[in-house]
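One structure is given below, encoded as structure tokens.
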Amino acid sequence: MSGYNIVGKPTPQIDSRDKVMGRARFTDDIPLHNPLHAAILRSPFASARILKVDTSRAAALPGVRGIVTGADFRRTFGVLVISKDEPAMAGNRVRYIGEPVAAVAAETAEIAAAALALIEVSYEPTEACLDPRVALKPVAEPLHPGLGRDNNLHKRVEQCYGDPDAGFAASPVVVEKRFSFASVTHAFTEPHATQVAIDGRGNLTVYSATQVPHYLHMAMAEVLEIPEHRIRVIKPHLGGGFGGKSDPFPHEMIAARLALQTNRNIRLRFSREEVFISHHGRHPTTLTMKLGYDPQQGITGIDADILIDGGAYGSFGVVTTYYNGVLLQGPYRIENLRFRSRRVYTNKPMCGAMRGHGGVNPRFAAEVLLDMALVQAGVDPCQGRIDMIHRPNTLTASEFRITSVGLKAGLEEAMRRSGWNEKYGKLPYGKGIGVACGFYISGSAAHIHRNDRPSSTVRLTIEFDGMVTVYSGAADIGQGIDTILAMMAAEVLGVGLDQVKVVVADTQLTPVDLGSYSSRVTFMAGNASRNAAIRMRRLLVAAACQLLELPPPAWEKPEPPADYFRQGRRSPDYSSDYLGPNPDYNDGFRLANGQVTHLGSGRSVPYLDAVRRALDGPGILQTHGTYRSPKLGGNYKGAAAGLSPTYSFTAFIVEVTVDPETGFVKVDKATCAHDCGTMLNPLAVRGQIEGCIHMGLGQALMEEIVHYDGAVQNAGFLEYKIPSAFEQPEVDLVPTPSDETEGPFGAKEAGEGPLAPIIPAIANAIHDAVGIRLTEVPMRPDRVLAAIRKAGAA
Amino acid sequence: MNTQLSGFEFERPAGLPALRALLTRLGREQRRFAVAAGGTDLMPQLKQRLVAPEVLVSLNGVGELAGIAVQDDGTLRIGALTRLADLVDSTLVRQHQPALAAAAGRVASPQIRNRATLGGNLLVNNRCIYVNQSPLNRTVHAPCFKVDGDVCHIVKSAVRGQLPQCQARFVSDTAPVLLLLEARLVLLRGRGERRVPLRRFYRNDGMERNVLRPGEVIGWIEIPPATGLQVDYDKLAVRNALDFPSLGVAVGVRRDAAGQPLELSVALTGLGTHPGCWRHAIADGASLSKVVAKACARAGKFATTYQQDFFPRDYRKKMIGVFIHRSLRRLGV
Amino acid sequence: MNTSNPAQPREHGVNDARVLALRVNGVLQQAIAKPGTTLLEFLREELGLTGSKRGCDLGECGCCSVLVDGRPMLACLLLAADVEGSEIRTIEGIADGEVLHPLQQAMVDEGAIQCGFCTPGMVINGVHLFERTPTPTRDEIRTCISATVCRCTGYNRIEQAFVTTAATLAAGGGKAGAQ
Ligand SMILES: Cc1cc2nc3c(=O)[nH]c(=O)nc-3n(C[C@H](O)[C@H](O)[C@H](O)COP(=O)(O)OP(=O)(O)OC[C@H]3O[C@@H](n4cnc5c(N)ncnc54)[C@H](O)[C@@H]3O)c2cc1C
Ligand code: FES
Ligand code: FES
């Protein structure tokens with residue numbers, strides 16, 4: 001990127017030295033003063049009534065200081081306002097194996113564990129609902145009777161755009177298949193952990209491994225029934241989230257309740273098994289999809305029937321139910337789309353948001369069907385896709401506003417670099433090449449909690465020594481957002497990265513950011529940081545003008561894009577969020593290398609002089625920046641699902657070797673074209689894409705949660721198979737720029753979009769290698785082998 | 001699951017005499033004790049409360065039991081406490097029994113191999129998806145025979161006292177190779193010792209897994225010189241790291257001085273309650289492919305295979321023949 | 001139906017805890033350990049050396065790797081009492097003051113660190129690799145990396161950091177055994 005000092009340069013994370021030296025503190029590493037150790041008793045029943053919880057023997061054990069049970073919590077909670085159905089602790093019934101039933105705080109972890117063994121719980125087992133199809137049938141006692149249904153349906157969404165049936169009728173090619181997907185889980189390396197410090201005034205400081213400090217703060221106040229101002233949530237270094245830490249969790253409430261009860265600091269950490277039991281992973285899904293294709297028109301229609309197994313509680317499930325359908329509207333043009341999507345409750349650990357949330361499984365189905373259709377129609381799978389990719393600045397069927405799209409050129413380049421034309425259909429038996437595309441939201445345009453506040457606010461200060469501090473509620477979960485926030489400020493203010501500190505994810509010190517989910521942080525918090533820095537820049541430039549005895553520049557208020565105010569917003573002054581496209585500062589100055597230089601005259605003042613001059617009057621140098629999504633979309637129910645200020649686009653070309661004797665699939669190479677607009681930090685973008693490849697590869701070939709009577713049977717890294725270094729392919733990243741005027745310096749998301757398409761790309765490559773179409777994911781060797789043998793027999 | 005360990009005493013005798021004395025005393029006092037070498041198999045079981053000894057006896061102070069040497073008659077003598085990593089790196093082993101080094105190199109991960117011992121690997125506990133679980137999980141499914149319960153979740157009709165009582169599967173990666181190499185174990189107990197051929201060591205049960213007596217330890221593993229024998233080992237596992245063998249196949253070919261194959265041998269791990277091992281003479285003029293087919297058929301019938309693993313059972317069985325053929329190809333047959 | 005946790009706590013003597021002395025990062029450290037105290041607990045809880053991470057406590061993730069007498073081992077599978085007399089090196093003892101080991105530097109520079117939870121384990125294993133084999137093959141690198149689970153990076157950058165380190169060492173930069 002020309003003209004930038006910082007943006008676009010490969011930049012190691014600002015805290016990577018701390019991490020590589022072992023001194024970065026993760027939640028469980030923080031030493032609290034004389035903490036009690038908490039442990040949770042969990043239900044061995046998938047479905048049961050709790051008749052009695054007798055804690056008297058446990059309470060009598062020396063060293064036990066506090067015990068909580070379901071009776072200590074009156075309110076349920078949930079990340080979505082529309083499904084607050086989860087208790088912090090089971091009250092009179094348990095709904096999954098592993099649900100918290102009681103918890104103890106004791107002087108040592110050993111005593112806490114011993115105390116759990118002394119708690120006697122009388123259960124009356126009831127019939128468990130484990131099969132999602134059965135969940136649709138009437139039952140005497142649904143999991144959540146409050147919904148007023150006679151079955152375990154949680155959410156049903158039916159939408160239709162255009163006329164798919166007419167589309168199919170007019171199509172030369174119509175394909176249809178039934179697909180099934182196992183449940184997969186985040187498997188981040190740092191287990192959940194929470195520590196709660198309590199002070200003499202009863203204020204709680206909650207250190208927690210969470211992606212959503214702000215939501216946790218609010219949920220905790222609600223569940224504990226204490227004022228929000230008595231809580232402070234801090235997210236220390238966090239060892240991976242991928243959506244698995246993006247809900248407020250029962251254990252966080254439990255730790256806080258124990259702190260209030262005992263007036264002592266509390267330390268709570270999960271075993272790896274507890275992480276698996278808490279799950280919140282990708283929904284097991286069965287779906288039937290029909291797709292029509294016409295070489296002249298492209299995709300003529302999609303009809304999908306989707307059933308997702310939500311487990312015991314809601315989590316993000318309502319959103320998932322929508323996403324499974326609405327995220328079929330890209331990356332290709334499609335007018336005729338119909339889907340019925342249902343989420344059911346079952347007596348299993350709950351599913352929620354996981355990287356690529358909601359878009360991954362239907363993407364697999366669509367890309368495999370599309371591949372079949374293109375093959376049938378005799379159209380090259382890459383070329384056919386390229387012809388259908390959304391054009392920039394268009395609206396989709398449900399009015400997603402597509403802004404920048406760089407994928408067309410990216411995929412063309414990927415074809416060249418991977419040697420597609422020389423390889424596709426021409427490799428020897430067992431070797432194959434395949435393609436698939438995808439797109440993803442770059443932050444949800446709609447708020448979970450309805451209010452008129454910005455999605456992200458950043459405060460920025462400069463102290464007398466010239467140190468810039470960015471205060472943001474955004475949560476770095478390993479993706480490197482702290483670094484991005486610092487880069488935004490450094491770029492605009494013309495200082496080095498070493499002159500920018502970040503204070504982040506502390507609900508007392510940092511203004512609100514909604515959290516790390518839906519790929520929103522780089523785009524939204526990045527914009528807020530940039531905007532705060534632009535305001536600060538004006539103060540510095542004004543100070544420089546004083547020192548240089550120049551008139552201050554007259555800043556014109558930039559005009560927001562036309563649809564910014566679409567459909568009239570209620571709140572008065574949103575335009576103040578909008579500070580113009582990048583990187584136009586409108587000030588006639590250059591800030592770089594510690595100098596503030598007037599471009600017209602070439603005269604300059606040292607940065608530090610400008611800072612001190614600016615401090616002279618107010619004594620404090622502080623600005624803020626915000627990000628707020630433009631108003632988007634239609635006005636009907638469900639119109640907000642999937643709306644995002646912008647979308648990323650991805651294509652994968654994957655090369656595989658299939659061993660026809662064993663069915664083993666080795667992914668040899670992945671060529672990726674990912675349009676994330678400007679790559680703010682190419683090192684981080686690369687890392688995100690390679691991480692997506694790893695996770696997608698795992699889901700494609702080996703990862704699956706196995707249940708037996710509702711219990712997770714492979715709750716550890718040995719039996720839940722995540723790919724090792726040996727399975728990871730060689731990766732070639734194809735530059736795929738686009739011009740995203742609303743992103744910070746033109747950036748869009750890179751953390752989730754690349755996950756979905758890698759999976760069908762592998763499937764399509766397997767087809768090219770050995771001529772089989774797999775519809776069950778993971779595509780385990782035994783399934784591959786069975787399909788090969790079946791194909792051979794036919 | 002609480003993975004903190006407590007409730008046992010720890011002893012680390014310094015030297016073999018001290019170990020013998022300690023084990024004798026513990027036996028006399030009827031204490032429940034467990035022996036730990038590398039502990040890489042035992043520790044997870046302790047943490048999952050699958051074993052609960054009163055005394056944990058570490059072998060790591062018994063230096064006499066570590067080391068590799070070739071005896072005058074050409075026998076390779078490996079101390080039970082020899083770390084797998086040392087086995088992999090040993091020039092002696094690589095020279096004399098490269099297949100053993102290769103198999104040892106397929107166990108778990110490098111850090112585990114740095115600690116894990118050969119003796120421990122031969123005694124690695126049989127595994128089952130219903131037993132290698134946390135206490136919570138085992139409560140859910142009712143404890144099975146292997147943890148003093150009354151059911152088998154694999155063979156629901158199993159009753160107490162009928163062998164095999166328990167279907168937990170044998171998973172050692174090194175045992176198949178050592179079986180083909182006709183290894184012997186030197187077992188130490190009290191002041192005495194006895195030699196047991198490895199092929200007589202294992203029993204057809206996931207609980208009573210071998211003939212080791214209480215208080216007895218493996219001292220050494222002896223591999224007699226075997227001229228003309230070449231062995232190959234490969235394992236079926238989802239990943240190239242960490243995973244226990246879903247199936248492990250060792251194949252041996254014995255040739256005469258002229259290079260003519262005389263004998264084909266096959267050993268399996270990962271499938272049944274114990275390792276399988278068969279030898280097939282290749283009579284003069286017999287068609288090799290017939291012998292191979294026979295070997296595959298024999299191995300395929302070895303054990304009732306159960307769904308205990310990532311891979312479905314019929315898949316694992318199908319792979320036996322595939323693996324035998326591949327090994328033979330690598331062995332140049 | 002009544003259930004209580006099956007693992008009943010056992011009584012044990014008061015004298016089962018004792019002072020244990022271990023050489024950690026070149027310093028003789030003394031702290032209380034019980035027979036069941038793992039090396040990982042000893043380092044993290046008693047000595048406050050929290051750089052070694054507890055990802056699973058069952059030997060399945062590699063995040064707790066430390067060097068015991070120069071070799072990487074899983075601290076969660078070792079009893080502290082069983083390594084008495086050994087020389088322990090943790091991630092805290094790898095850099096030479098503020099001068100990073102070439103592998104640490106390469107991990108930073110190549111973007112091999114995302115959340116950083118697996119990083120100490122990766123570094124510990126890598127340090128040992130380079131002490132043994134200054135110019136490892138790609139397969140040796142992968143074997144070394146495969147010992148530790150990383151969920152963020154997909155391992156490509158980590159592998160690259162190892163390749164870079166080998167090049168640095170070959171060019172005579174840094175010293176593999178920095179202590
Ligand atoms: C994540 C993970 C992956 C693994 N993958 C594999 C794998 O792929 N293949 C594989 O084979 N194993 C695997 N293992 C199991 C184990 O690490 C190895 O089998 C190892 O070789 C065991 O050796 P050890 O010395 O650590 O045994 P220990 O744990 O010390 O002992 C194992 C058993 O043998 C007994 N014992 C040990 N030495 C003696 C002796 N000299 N005399 C009498 N009894 C003795 C112990 O009492 C115990 O019952 C894995 C373990 C883990 C944690
Ligand atoms: S914590 Fe030791 S291997 Fe996971
Ligand atoms: S960087 Fe997060 S697990 Fe490796």
Side-chain angles (χ1 to χ4, degrees), chain A residues 37 39-46 97-98 108-114 116-117 269-274 276-277 659-664 666 698 701-704 706 708-727 778 780-786 789, chain B residues 1-7 40 44 47-49 108-110 112 127-143 153-154 171 234-244 246-247 307-326 329:
Chain A
H37 297 256
I40 298 175
L41 184 69
R42 295 175 179 276
S43 164
F45 294 98
I97 291 169
T108 68
E110 207 179 327
I111 298 172
L116 289 190
R269 58 183 192 179
F270 271 18
S271 67
R272 180 52 58 181
E273 180 195 32
E274 286 178 297
F276 273 87
I277 286 174
D659 183 334
E661 284 181 345
T662 62
F664 267 71
K666 170 89 183 77
L701 300 178
M702 56 189 82
E703 291 182 28
E704 95 187 90
V706 179
Y708 175 54
D709 289 349
V712 180
Q713 285 308 88
N714 53 347
F717 282 128
L718 186 56
E719 297 303 333
Y720 182 82
K721 312 286 185 184
I722 80 168
S724 80
F726 281 103
E727 282 77 45
R780 297 192 321 231
D782 53 290
R783 287 176 174 157
V784 173
L785 187 67
R789 296 208 168 169
Chain B
M1 178 178 65
N2 169 35
T3 46
Q4 267 202 333
L5 294 178
S6 63
T40 60
K47 291 182 177 199
Q48 292 179 319
R49 316 295 186 238
S109 63
I112 290 181
R127 297 180 68 84
C128 172
I129 193 168
Y130 301 106
V131 83
N132 293 97
Q133 293 287 0
S134 70
L136 171 68
N137 186 290
R138 297 199 306 269
T139 318
V140 172
H141 304 317
H153 296 289
I154 299 278
V171 290
D234 197 8
K235 78 197 252 190
L236 171 71
V238 184
R239 302 168 291 188
N240 210 341
L242 275 187
D243 292 340
F244 280 94
S246 292
L247 165 71
Q307 181 62 63
Q308 287 163 310
D309 182 62
F310 176 88
F311 292 109
R313 57 182 184 170
D314 52 332
Y315 175 80
R316 278 152 69 214
K317 288 198 100 149
K318 261 184 223 149
M319 287 304 108
I320 298 173
V322 173
F323 273 62
I324 291 177
H325 277 102
R326 292 191 165 185
R329 244 175 279 153

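Chain identifiers are assigned alphabetically (A, B, ...) following the order of the sequence lines, protein sequences preceding nucleic acid strands; residue numbering begins at 1 within each chain.
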Among Glu273(A), Glu274(A), Arg42(A), Gln713(A), residue most engaged with chain B (heavy-atom pairs, under 4.5 Å)
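Winner by heavy-atom pair count: Gln713(A).
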Just so I understand: if I count every heavy-atom pair under 4.5 Å between each of Thr662(A), Val712(A), Asp709(A) and chain B, which residue has the most?
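Of the options given, most contacts go to Thr662(A).
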At a 4.5 Å cut-off on heavy atoms, which part of [X] comes close to chain B: side chain, backbone, both, or neither?
{"X": "Arg783(A)", "answer": "neither"}
{"X": "Ile277(A)", "answer": "side chain"}
{"X": "Tyr708(A)", "answer": "both"}
{"X": "Leu785(A)", "answer": "side chain"}
{"X": "Ala109(A)", "answer": "both"}

Indicate the ring-plane relationship of Tyr130(B) and His153(B), choosing parallel, tilted or perpendicular according to the 30° and 60° boundaries.
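Ring orientation of Tyr130(B) relative to His153(B): tilted.
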With a 4.5 angstrom heavy-atom cut-off, is it the side chain or the backbone of [X] that approaches chain A, or both, or neither?
{"X": "Asn240(B)", "value": "both"}
{"X": "Val322(B)", "value": "side chain"}
{"X": "Leu236(B)", "value": "side chain"}
{"X": "His141(B)", "value": "side chain"}
{"X": "Met1(B)", "value": "both"}

